[in-house]
Amino acid sequence: MHESIQDCITAINRLRKERRAVILAHTYQPAEVQDIADYVDDSYGLSAKAAAVKDADLIVFCGVQFMAETAAILNPGRKVIMPDPSAGCPMADMITAEKLRAFKAKHPGAPVVCYVNSTAEVKAESDICCTSANAVKIVKSLGDAPEIIFVPDQFLGKFVEKQLGRRLLLWEGCCPIHHNLGSDCIARMKAEYPDAKVMVHPETPPDAQAAADYILSTGQMIELVKNTKDKRFLVGTEDGIIHALRKAAPHCDFILISPTLRCPNMKKTTLPKIRQALASGETVISVDPLIAAKAKKAIDAMLEVSRRP
Ligand code: 13P
Ligand code: SF4
């Protein structure tokens, strides 16, 4: 028999209580998934939330693998499950621990900053993690180190270079979703909506960033619009954010700059898969304890620097 969405939500609500589960969802998740989550946030907010989980036995992570891995690394004694554990991130797979070791060998002594969009093995080879919300602060915290390695997102790296007026040793990875957003596309949309402000994610290429009014992580976009006097925004990041933005600022108009801004991995989570994962508890995300212990040092270092005023 076909189950209604409401039946599915009722079952999820019963199971989350029985299992003492907390449901975390990234801002790129489908609208109906964001709506049933306990917390919706960007990668940094979800890492901080995962680190602070206390009164739950189970974390249900609605996002992609690297995010659930981060939650598992920060909660060694707690079970972390994903509704669809096949949801990966192509950018995270653009560098391996072996390739990073070879890069490090060419630049002895250079500290490694690793975007959280990376595997646990790559984090374990890094000194400190960052997210798009804190990358500038994290690199700045390394002071005047003559060389700093930054992996795997070259565009976030270039954004940091510009903000700090210094060069980094960049890896040539990128997000295949944000990569295609060009300034030509922004110009076309600006011509159609001349009154709109443009906000893009730092995973977009430099020409898109140069054409934007704001370059922000998804969490920062939500904070911005809560207090804005502007009425209309052209949005250059994954389309799940539109739902979160509309909830945060119902009085504003949010328009996705391009229909190509859709991450298929982020859309793998569905309500029936959440219900099934809660019922079976089987889709567990686990990380080798030795790798996890090393990776945790890099994530903890990020959380510590981020909390500084
Ligand atoms: P945020 O850092 O804004 O969460 O975006 C990162 C991202 O691309 C998640 O896949
Ligand atoms: Fe990875 Fe890009 Fe999808 Fe984020 S939007 S999960 S960086 S592929």
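Both ligands and their constituent atoms are indexed starting at 1 by order of listing. We number each residue from 1, following the sequence as shown.
Within the 4.0 Å heavy-atom shell around ligand 1 one does not find Gln220. Heavy atoms of Asn117 come nearer than 4.0 angstrom to ligand 2 in at least one pair. In this structure, Thr131 has no heavy atom closer than 4.0 Å to ligand 1. Put simply, part of His26 is less than 4.0 Å from ligand 1, judged by heavy atoms.
Between Arg20 and Asp57 there is a salt bridge, with a side-chain nitrogen of the basic residue lying less than 4.0 Å from a carboxylate oxygen of the acidic one. A salt bridge between Lys104 and Glu125 is present, with a side-chain N of the basic residue lying under 4.0 Å from a carboxylate O of the acidic one. Using a cut-off of 4.0 Å between Lys/Arg side-chain N and Asp/Glu carboxylate O, Asp127 and Lys297 are scored as not salt-bridged. Salt-bridge check for Glu192 with Arg188: failed, with every basic side-chain N at 4.0 Å or more from each acidic carboxylate O.
Those atoms of ligand 2 that come under 4.0 Å of a heavy atom in Pro90, given as number and element, are 8 (S). Ligand 2 places these atoms under 4.0 Å from at least one heavy atom of Met91: 7 (S). Those atoms of ligand 1 that come under 4.0 Å of a heavy atom in Ser217, given as number and element, are 3 (O). The ligand atoms of ligand 1 that sit less than 4.0 angstrom from a heavy atom of Thr218 are 1 (P), 3 (O), 4 (O). Below 4.0 Å from some heavy atom of Asn117 lie the following atoms of ligand 1, by number and element: 7 (C), 8 (O), 10 (O). Heavy-atom contacts of Met266 reach the following atoms of ligand 1: 10 (O) (cutoff under 4.0 Å). Residue-ligand proximity, Ser132 to ligand 1, at heavy-atom distances under 4.0 Å covers atoms 1 (P), 2 (O), 3 (O).
Atom-to-atom distance recorded for Lys190:NZ and Cys185:SG is 13.5 Å, nearest 0.5 angstrom. Put simply, CG on Asn134 and CD1 on Ile128 are 8.0 Å apart, with the number rounded to the nearest 0.5 Å. To the nearest 0.5 Å, atoms CD1 (Ile81) and OG1 (Thr283) are separated by 5.0 Å.
Look at Cys175 and atom 2 (Fe) of ligand 2: an N/O/S atom of the residue is under 2.8 Å from the metal. Backbone or side-chain N, O or S atoms of Cys89 do not reach atom 3 (Fe) of ligand 2 at under 2.8 Å.
Counting heavy-atom neighbours within 6.0 Å of Lys267 NZ, excluding the residue itself, gives a total above 12.
With hydrogens left out, the protein atom closest to atom 3 (Fe) of ligand 2 is Cys263 SG, 2.4 Å, a heavy atom. Closest protein heavy atom to atom 9 (C) of ligand 1: Met67 CE, 3.4 Å. Here the protein heavy atom with the shortest distance to atom 8 (O) of ligand 1 is Glu203 OE2, 2.8 Å. Among protein heavy atoms, the minimum distance from atom 5 (O) of ligand 1 is reached at His201 NE2, 3.1 Å.
Contacts of Tyr44 with ligand 1, taken as heavy-atom pairs under 4.0 Å, are absent altogether.
A side chain to side chain donor-acceptor pair (under 3.5 Å) with His178 is found for exactly one of Asp153, Thr204, Thr237, namely Thr237.
Seen from the ring of Tyr39, Lys49 counts as a face-on cation partner, given the 6.0 Å and 45° thresholds.
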Trace of the side chain to side chain donor-acceptor pair (under 3.5 Å) decision for Ser306 with Lys137: CA-CA 7 Å; Ser306 284; Lys137 190 173 185 183; 5.9 Å; no

